[in-house]
There are 2 protein chains.
Amino acid sequence: MVDVARRARVSLKTVSRVVNREAGVAADTAERVCAAIEALGFRRHDGAAHLRSGSTTASVGVVLMDVADPFYSALTRAVEEVAIGHGFLVFAGSSDEDALRERQLALALCARRVDGLLVVPAGTDQRYLRAEVAAGTPVVFVDRPGVGISADAVLVDNAGGVRAAVEHLAAHGHRRIAFLGDTPAIYTARERLRGFEHGMAAIGRPDPRLIEMGPHTPRSVQAALHRFRSERHPATALVTGNNRITVLALRALAAMRGWHPAVIGFDDLELADLLRPSLTVIEQDASELGRIAAELLFARIAGDRRPIRRVVLPTRLVPRGSGELKR
Amino acid sequence: MVDVARRARVSLKTVSRVVNREAGVAADTAERVCAAIEALGFRRHDGAAHLRSGSTTASVGVVLMDVADPFYSALTRAVEEVAIGHGFLVFAGSSDEDALRERQLALALCARRVDGLLVVPAGTDQRYLRAEVAAGTPVVFVDRPGVGISADAVLVDNAGGVRAAVEHLAAHGHRRIAFLGDTPAIYTARERLRGFEHGMAAIGRPDPRLIEMGPHTPRSVQAALHRFRSERHPATALVTGNNRITVLALRALAAMRGWHPAVIGFDDLELADLLRPSLTVIEQDASELGRIAAELLFARIAGDRRPIRRVVLPTRLVPRGSGELKR
DNA sequence: TTGTAAGCGTTATCAG
DNA sequence: CTGATAACGCTTACAA
């Protein structure tokens, strides 16, 4: 910027004025400055500007599980959309369900002075964010609530969704319903299991042998399904706890001949409607989740000091065929 | 930091030493400083540190088409992985195939002084990046080459993949092969069309009535398929130009009774193997694309001054059934 | 082992 | 309308 000033034969401040489109610069002076900027290929250093002005960095950080998972990538995209609308940029990182990585990412983002943080907690303790929140960085948790810290959270009705799925299967005559969930270390997995147990309790006693929590691999899913099938009273229906598990289960089922349980998956899949039978799912709206969380975050960034909020979005059962197979 | 220094009754520099784990600080002094840091909830301002030290911002920018598209989200994840390995953070943004947005994103990223830029060009002119490259910010183009600027590019063999698909269909007796591609404004769409035409030229003359380029909507795809079917000599096989179009085409085909052309899609789909018939695809490795591009970028960031490189990754035909249907 | 002074690139303040 | 000077929070260079 000094170079530009020298070349345009004006002071530093005048260049700054031109760059920031401040009023009160003579047209010909501005002209000269612009020419110098052009000639020197000058580009303002945003970081330095923020440092001095103490203004915002116009960026938000997002820590999620895995950008490559369709659920989280849809969420990220929605956040990005809201951010762009506010003239903000998005820093994103995947924790890969690793508490340490979540923490490192979140703190690194804070050290960069992001104006706000959106976090899908992987670990079971977010106390490390207390200092940041106290220092004024708004944090909004998405998909799962933060633990050990009071902050906004935007979630979906996990339990209600699974419960509705169980009721739906029961209405089609099923009593031997199996559940294939993710590791109970994950909040959503616990909630979905709870919904399953509630739903089952309404039609009798849930059979623990028909419940298998993760983490799952293709092999573990395959093994669980074989067990469900070889029970004295085999399962006639299956509820899967997330889109990863649904895919593994469908693949394993396709390889098993002569057993066709009804299936309902948690979270939609892109080609679900093209499978035969089409896949019935418990739909959760990742975009909406991201949009609402981002808007809440921007409200906080803008100074909203209202009490902590916990928003729970509904889930919706989408019957397509696989969940309507009779017992 | 001054506050910490005051509280610990040491100089600014000593605090800096402790924060940066520099050697040569007495244990008890360090102790006192740490206590002060703890008490005041001090967190270093990375931006200020970079400003003075002139060091890197330890961040890279990624401008792509749409993070929510599985192809690009897999790519993003791979980039992230490489970045984390280097201790870098990733700024990502979607251009949504809009040239203006691509430009704004890229320049905003540069103003933040990212150490390098990974760009999937949406527009047809990347000259606006010349100044940045001249100023020393390495740029690597991914999936599509940049125009009007000399920079590295990591691409896949689009034409070769489609050509192989056509040959594969021809080997199964097909001559009336239709192509449903994306808008020719997109480099990859043009390349894939070129591959199609080459492939067709080898088995006769390509029929322009069996080619329909985008942009596509569910309706346009439906209409195109109906035309392909109602030709005097209906198409017996179909090649789709990307994963979005493949999904639209499969959905439209499922709604059309009595016509079952062989289908090969460009780019894999998560449930492709579970469809009936299973979907034959031209596979491109998004993760590998992202990984290689990121590694090239980090090499440039590290000072690699070798000549501009253009890397072209192979594509691979994955026969699963839909592409092996006889005429 | 610790401290002082200068300066990174920008904007704020206040004077001409 | 324009400019000199200080300051943002930190690190570097050099002393003590």
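Letters A, B, ... mirror the listed sequences (proteins, then strands); counts begin at 1.
- For the pair B/Ile149 and B/Val133, the minimum side-chain heavy-atom distance is below 4.5 Å.
- D/dC10 atom C1' lies 13 Å from atom CG of B/Asp3, rounded to whole Å.
- No more than 12 heavy atoms of other residues, nucleotides or ligands sit less than 6.0 Å from atom CD of B/Glu31.
- Between B/Val147 and B/Pro121 there is no side-chain heavy-atom pair separated by less than 4.5 Å.
- Remark: B/Ser16 is not in phosphate contact with D/dC10, judged by side-chain N or O atoms under 4.0 Å from OP1 or OP2.
- Whole-Å rounding puts the B/Asn20 CG to D/dA13 P distance at 14 Å.
- Rounded to whole angstrom, the span from the CD atom of A/Glu22 across to the P atom of D/dC1 amounts to 13 Å.
- Within residues 35-60 of chain B, the residues having any heavy atom closer than 4.0 Å to DNA chain C are, in order of number, B/Leu51, B/Arg52.
- In this model, a donor atom of one side chain and an acceptor atom of the other lie less than 3.5 Å apart for A/Arg44 and A/Asn20.
- Between A/Thr137 and A/Asp115, the closest side-chain pair of non-hydrogen atoms is not below 4.5 Å.
- Within a 6.0 Å sphere centred on CD of B/Glu38, other residues, nucleotides and ligands contribute 12 heavy atoms or fewer.
- Partners of B/Arg101 according to the salt bridge (Lys or Arg N to Asp or Glu O under 4.0 Å) rule, which considers only residues two or more places apart in sequence or in another chain, are A/Glu81.
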Protein N or O to nucleotides 2-4 of chain D N or O, pairs below 3.5 Å:
residue: D/dT2; atom: OP1; partner: A/Thr29; partner atom: OG1; Å: 2.5
residue: D/dT2; atom: OP2; partner: A/Ala26; partner atom: N; Å: 2.8
residue: D/dT2; atom: O4; partner: A/Arg17; partner atom: NH2; Å: 3.3
residue: D/dG3; atom: OP2; partner: A/Ser11; partner atom: N; Å: 2.9
residue: D/dG3; atom: OP2; partner: A/Thr14; partner atom: OG1; Å: 2.8
residue: D/dG3; atom: N7; partner: A/Arg17; partner atom: NH1; Å: 3.3
residue: D/dG3; atom: O6; partner: A/Arg17; partner atom: NH2; Å: 2.7

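- Other residues, nucleotides and ligands contribute at most 12 non-hydrogen atoms within 6.0 Å of the CZ atom of A/Arg103.
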